[in-house]
Engineer: 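Input: one structure, supplied below.
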Amino acid sequence: MRYWLMKSEPDEVSFDDALAAPGQTVPWFGVRNYQARNFMRDAMQPGDGVLFYHSSCFDPGVAGIAEVASLPYPDETQFDQHSKYHDPKATREQPRWISVDVRALEKGRYLPLAEMRTIPELEGMVLLQKGSRLSITPVTLAEWNAILKLVRGAPQMGA
DNA sequence: GCCAACGTTGGC
DNA sequence: GCCAACGTTGGC
């Protein structure tokens, strides 16, 4: 079991949108970076923990807890000429970009990026490194636990 | 809107 | 395969 932080622009798909979706599940489309794609393709497993992060908005931060809810599959938007994610070099036979489904699980307290920067346990997070802009980044168990504690506003039992 | 940082493209 | 030019991300 691994843990991930996945960035979404809330104008496009917010955590509330995911909560309201059928099965509380949304396809994670539009990833157009090879490193992020490879994480989905090679390392993600159904059941992995996901921090649903809101980016490019007034107050960026972790908006909720989610999980990976599918194996990787071709991202439909690469084939759609009317999508801003259309990739003319992608074909059905040889897709370039993939999606996974993400299921929203738990909406806790909103955890702003600015607050994350003040938490010593989170100092090493890939997200917080200078120049880091990957839309999908691995999260360590220690970081995951620290964030869950903050999001739930109370110490976590067990584990 | 600015701009630092990073990724991609394409000529050579 | 180098690397300059260009494009994108995303916090501020």
Side-chain angles (χ1 to χ4, degrees), chain A residues 2-21 26-44 48-68 72-140 142-151 153:
Chain A
R2 296 200 192 191
Y3 304 94
W4 308 95
L5 182 141
M6 299 176 77
K7 295 179 185 175
S8 181
E9 300 190 11
D11 285 348
E12 203 157 2
V13 183
S14 70
F15 188 72
D16 284 341
D17 292 336
L19 276 178
V26 290
W28 207 268
F29 59 86
V31 171
R32 293 296 179 269
N33 170 282
Y34 289 105
Q35 211 179 333
R37 180 201 69 180
N38 293 348
F39 281 139
M40 287 196 288
R41 189 190 61 191
D42 305 331
M44 273 189 188
D48 280 1
V50 172
L51 303 172
F52 196 117
Y53 180 90
H54 285 177
S55 70
S56 294
C57 56
F58 177 71
D59 188 19
V62 173
I65 306 302
E67 67 176 358
V68 176
Y73 58 89
D75 178 343
E76 269 305 309
T77 62
Q78 71 192 305
F79 309 122
D80 178 359
Q81 294 201 329
H82 303 296
S83 168
K84 70 170 176 173
Y85 298 114
H86 178 242
D87 183 345
K89 292 181 184 161
T91 64
R92 295 267 172 195
E93 294 70 32
Q94 291 210 302
R96 270 197 181 188
W97 305 110
I98 65 167
S99 295
V100 295
D101 289 341
V102 172
R103 179 181 301 121
L105 294 179
E106 176 184 349
K107 183 177 178 175
R109 180 171 75 81
Y110 192 80
L111 181 60
L113 174 64
E115 181 178 344
M116 294 172 76
R117 290 195 189 284
T118 71
I119 312 290
E121 292 98 313
L122 303 184
E123 218 174 287
M125 278 191 83
V126 178
L127 173 77
L128 303 185
Q129 303 314 302
K130 184 180 166 75
S132 167
R133 48 176 218 191
L134 253 189
S135 65
I136 298 177
T137 51
V139 172
T140 67
E143 292 158 357
W144 174 266
N145 283 335
I147 286 170
L148 281 204
K149 211 192 281 188
L150 292 163
V151 161

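We name chains A, B, ... by the order of the sequence lines, and we start the count at 1 in each one.
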Engineer: Which donor-acceptor pairs under 3.5 Å do side chains of residues 8-15 of chain A form with protein atoms, sequence neighbours excluded?
Structural biologist:
residue : atom : partner : partner atom : Å
A:S8    : OG   : A:V13   : O            : 2.6
A:E12   : OE1  : A:Y85   : OH           : 3.1
A:E12   : OE2  : A:Y85   : OH           : 2.9
A:S14   : OG   : A:D16   : N            : 3.4
A:S14   : OG   : A:D17   : N            : 3.0
A:S14   : OG   : A:D17   : OD1          : 3.4
A:S14   : OG   : A:D17   : OD2          : 3.2

Engineer: With sequence neighbours left out, write down each residue that passes side-chain hydrogen bond (donor to acceptor under 3.5 Å, both in side chains) with A:W28, or none if nothing qualifies.
Structural biologist: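 If we apply the side-chain hydrogen bond (donor to acceptor under 3.5 Å, both in side chains) test to A:W28, skipping adjacent residues, there are no hits.
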
Engineer: Just by protein heavy atoms under 4.0 Å, how would nucleotides 5-12 of chain C read 5' to 3' in B, S and -?
Structural biologist: --BBBBSS

Engineer: With sequence neighbours left out, write down each residue that passes side chain to side chain contact (heavy atoms under 4.5 Å, CB included) with A:K89, or none if nothing qualifies.
Structural biologist: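 Side chain to side chain contact (heavy atoms under 4.5 Å, CB included) check on A:K89 returns A:D87, A:R96.
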
Engineer: So, using side-chain hydrogen bond (donor to acceptor under 3.5 Å, both in side chains) as the criterion, who are the partners of A:R109 when residues are at least two apart?
Structural biologist: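 A:E115.
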
Engineer: With sequence neighbours excluded, tell me which residues meet salt bridge (Lys or Arg N to Asp or Glu O under 4.0 Å) with A:R103.
Structural biologist: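 For A:R103 the salt bridge (Lys or Arg N to Asp or Glu O under 4.0 Å) partners, ignoring immediate neighbours, are A:E67.
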
